[in-house]
Amino acid sequence: MKCCNSKLNPPLRAGLVLGSLLLFTHHLYFVPEMLKGFLAGLAFVGYILGIYGLRHDLSKLTAWKKRLIKRA
């Protein structure tokens with residue numbers, strides 16, 4: 001019996017990678033705090049989008065991002 005989807009979607013995978021990178025940068029003294037905060041924010045957004053994407057469809061969001069990139 002399978003209780004939940006065990007595949008990691010791309011936003012959740014990116015959040016996990018950025019979170020692990022953030023943990024690694026805490027041991028380095030020469031990395032600026034602003035960069036650490038930026039990594040923390042991106043990791044948090046990746047976690048939230050990834051968790052939301054486990055139960056909902058993210059195709060509208062990906063289509064919006066593609067249109068936004070095409071305009072630029």
| field | Shared hydrophobic cluster, Leu61 / Leu68 (ILVMFWY, side-chain heavy atoms < 4.5 Å) | value | yes
| message | Let me check something: do Leu21 and Leu42 share a hydrophobic cluster, defined by ILVMFWY side-chain heavy atoms less than 4.5 Å apart, either directly or through other members? | response | yes
| Which residue pairs pass the ring-ring contact (aromatic ring centres under 6.0 Å, His included) test when at least one of the two sits in residues 11-58, sequence neighbours left out? | Tyr52-His56
| Any link between Leu39 and Met34 through a network of hydrophobic side chains (Ile, Leu, Val, Met, Phe, Trp, Tyr) touching at under 4.5 Å? | no
| query | Of the non-hydrogen atoms in Ala43 and Gly19, which two are nearest, and what is the gap between them? | reply | CB-N, 3.7 Å
| task | Compare every heavy atom of Thr62 with every heavy atom of Ser59, then report the nearest pair and how far apart it is. | result | O-OG1, 2.9 Å
| Any link between Val45 and Trp64 through a network of hydrophobic side chains (Ile, Leu, Val, Met, Phe, Trp, Tyr) touching at under 4.5 Å? | yes
| remark: Applied to residues 9-36, the salt bridge (charged side-chain N to carboxylate O under 4.0 Å, His left out) test, sequence neighbours excluded, yields Glu33-Lys36
| field | Shortest non-hydrogen contact between Gly50 and Pro11, atoms and distance | value | N-CB, 3.9 Å
| Distance (rounded to the nearest 0.5 Å) between Leu18 CG and Thr25 OG1 | 10.5 Å
| Can you name the nearest heavy-atom pair linking Asn9 to Leu49, along with the distance? | ND2-O, 4.4 Å
